[in-house]
Asks: 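The structure's right below; bear with me while I get my questions together.
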2 protein chains.
Amino acid sequence: MQLRNHVEWALHCAAVLAALPEGHYLAARHLAELHGVPREYLAKALQALSQAGLVETTLGPTGGYRLARAPHAITFLDIVEAVEGKASSFECTEIRKNNPCRAKNTRPIKPCSIAAVMWKADKAWRDSLRETRLSDLIGMVQNEVDPETLKKTIIWISERI
Amino acid sequence: MQLRNHVEWALHCAAVLAALPEGHYLAARHLAELHGVPREYLAKALQALSQAGLVETTLGPTGGYRLARAPHAITFLDIVEAVEGKASSFECTEIRKNNPCRAKNTRPIKPCSIAAVMWKADKAWRDSLRETRLSDLIGMVQNEVDPETLKKTIIWISERI
DNA sequence: CATATTACAGATATTTAATATCTGTAGTTG
DNA sequence: CAACTACAGATATTAAATATCTGTAATATG
């Protein structure tokens with residue numbers, strides 16, 4: 001069970017957008033170059049964020065993406081669900097109804113307790129993702145990169161917005 | 001992000017094995033028929049349980065599978081990890097190192113805080129799965145199926161062990 | 001107004017993983 | 001010995017992830 005790389009890309013892009021000066025847009029082209037990922041494919045992930053209402057876009061030169069809400073109002077879960085979907089990681093296919101001992105016209109089966117356990121775990125995963133907001137990230141990310149690179153990156157971005 | 005159907009099958013099979021009378025084996029063929037899934041493919045999931053040491057097997061007629069430990073000593077996580085692996089649902093590909101502003105010989109990057117959040121959520125998922133044991137299931141499953149089917153199923157199994 | 005640039009939807013191709021089956025081998029029971 | 005089992009490994013099929021391409025409409029700038 002692996003999350004798509006879109007999730008990783010979208011999270012890193014969102015972290016960058018969260019640090020962007022107020023009102024400016026950053027284009028998909030620059031986000032792709034900054035992270036070293038294919039531009040056209042990253043665009044799909046960004047469009048998913050757009051459809052979920054997490055980012056705003058504008059066209060033309062100086063166009064691109066910016067957050068639609070304040071960083072503290074966007075959680076990891078928002079982003080993960082935008083690109084990966086809201087469906088549970090466990091799908092119950094009701095194999096109980098394949099039991100050869102079960103009469104066809106038996107009354108509807110009660111909820112599957114195995115599925116319930118799996119769904120509870122899925123909920124725990126989502127609850128955990130909901131606990132962290134983009135605003136929590138800003139300090140962390142700036143602290144984990146070396147100062148020289150951080151300085152250059154800020155300049156690099158400022159030249160493209 | 002979807003778990004493989006092997007997970008669902010393995011959990012239902014384990015629930016059946018947990019209810020088996022002491023010392024008896026149930027063959028993959030019967031587990032497949034009971035759940036209405038392809039025998040050869042289910043066998044792969046059962047073999048994964050065997051390799052993880054969760055079930056014991058024996059060959060020949062009357063051969064098959066039984067739990068290697070008491071139901072209270074086997075958790076959902078044991079079974080999920082046996083068939084799905086222990087790798088985290090989030091893989092960090094370190095796209096930070098693709099930053100064009102970063103000098104090649106920069107000292108090793110500190111742990112990625114985005115990955116840390118994702119791994120924490122993965123841990124929350126696993127912690128939740130570890131909370132439920134096969135022994136917890138026995139009562140639940142017997143309560144969710146109608147009495148007539150349950151009775152017939154117990155007989156059906158008893159004729160095959 | 002003209003040009004360059006953008007997001008975006010949709011189609012298409014490629015690669016990888018999931019699903020499924022088949023074959024042969026070795027051990028077990030009666 | 002005959003029938004049955006688990007199991008490893010090879011192979012085939014199907015679906016999903018990954019990646020690219022094309023055309024369209026909107027926007028800023030000169």
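Each chain gets a letter, A, B and so on, in the order the sequences are listed, and its residues count up from 1.
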Asks: For D:dC4, does either OP1 or OP2 sit under 4.0 Å from a side-chain N or O belonging to B:Arg29?
Replies: no
Asks: Measure from CZ on B:Arg160 to P on D:dT5 and round the result to the nearest Å.
Replies: 12 Å
Asks: One thing to verify: whether A:Asp127 and A:Arg130 come together as a salt bridge, which I'm taking to mean a side-chain N less than 4.0 angstrom from a carboxylate O.
Replies: yes
Asks: OP1 or OP2 of C:dA7 sitting under 4.0 Å from any side-chain N/O of A:Ser50?
Replies: no
Asks: Taking 4.0 Å as the cut-off, does a side-chain nitrogen or oxygen of A:Asn5 come that near to OP1 or OP2 on D:dA17?
Replies: no
Asks: Atom CD1 of A:Ile161 and atom C1' of C:dT5: how far apart are they, to the nearest Å?
Replies: 17 Å
Asks: Of the listed nucleotides (D:dT29, C:dT6, C:dT21), which one gets closest to any side-chain atom of B:Glu40?
Replies: C:dT21
Asks: With the side chain of A:Thr62 defined as its heavy atoms from C-beta on, choose the nearest nucleotide among D:dA28, C:dA18, C:dA9.
Replies: D:dA28
Asks: Taking A:Thr75 for the side chain and A:Asp78 for the main chain, is one N or O donor matched with an acceptor at less than 3.5 Å?
Replies: yes
Asks: Quick one: CZ on A:Arg29 to CD on A:Glu40, what's the gap to the nearest 0.5 Å?
Replies: 12.0 Å
Asks: Would you classify A:Gln51 as touching base, sugar-phosphate or nothing, given that sugar-phosphate means primed atoms plus P, OP1 and OP2, and contacts are heavy atoms under 4.0 Å?
Replies: sugar-phosphate
Asks: A:Gln2 side chain N/O closer than 4.0 Å to the phosphate oxygens (OP1, OP2) of D:dA16?
Replies: no
Asks: For the pair made of NE2 in A:His6 and P in D:dA16, what is the distance, rounded to whole Å?
Replies: 16 Å
Asks: Can you tell me if the side-chain N/O atoms of A:Tyr41 get under 4.0 Å from OP1 or OP2 in C:dT12?
Replies: no
Asks: Please compare A:Pro38 and B:His30 by the position of their nearest nucleotide in DNA chain D and report the one closer to 5'.
Replies: B:His30
Asks: Base, sugar-phosphate, or nothing for B:Tyr65, non-hydrogen atoms under 4.0 angstrom?
Replies: sugar-phosphate
Asks: Expressed as a whole number of angstroms, how long is the span from B:Leu26:CG to D:dA6:P?
Replies: 9 Å
Asks: How many whole angstroms separate atom CE of A:Met1 from atom C1' of C:dA17?
Replies: 15 Å
Asks: Below the 4.0 Å mark, does C:dC8 have OP1 or OP2 next to a side-chain nitrogen or oxygen of A:Thr57?
Replies: yes
Asks: In whole angstroms, how far is the P atom of C:dT23 from the CZ atom of B:Arg39?
Replies: 14 Å
Asks: Please tell me whether A:Trp9 and A:His12 form a close aromatic pair, meaning their ring centres lie under 6.0 Å apart.
Replies: no
Asks: For B:Leu3 and for B:Gly63, find the nucleotide of DNA chain C with the closest heavy atom, then tell me which residue's nucleotide is more 5'.
Replies: B:Leu3
Asks: Would you mind telling me which of C:dT19, C:dT6, C:dA11 lies closest to the side-chain atoms of A:Lys44?
Replies: C:dA11
Asks: Between P on D:dT5 and CG on B:Leu42, what's the gap in Å once rounded to a whole number?
Replies: 14 Å
Asks: With sugar-phosphate meaning primed atoms plus P, OP1 and OP2, does A:Ala28 contact a base, only sugar-phosphate, or nothing at under 4.0 Å between heavy atoms?
Replies: sugar-phosphate
Asks: Looking at SG of B:Cys13 and CG of B:Leu34, how far apart are the two atoms once the value is rounded to the nearest 0.5 Å?
Replies: 8.0 Å
Asks: Consider only side-chain N and O atoms of A:Asn99 and B:Thr153, and report whether a donor and an acceptor are under 3.5 Å apart.
Replies: yes
Asks: In this structure, how many angstroms lie between the P atom of D:dA26 and the CG atom of A:Leu59, rounded?
Replies: 8 Å
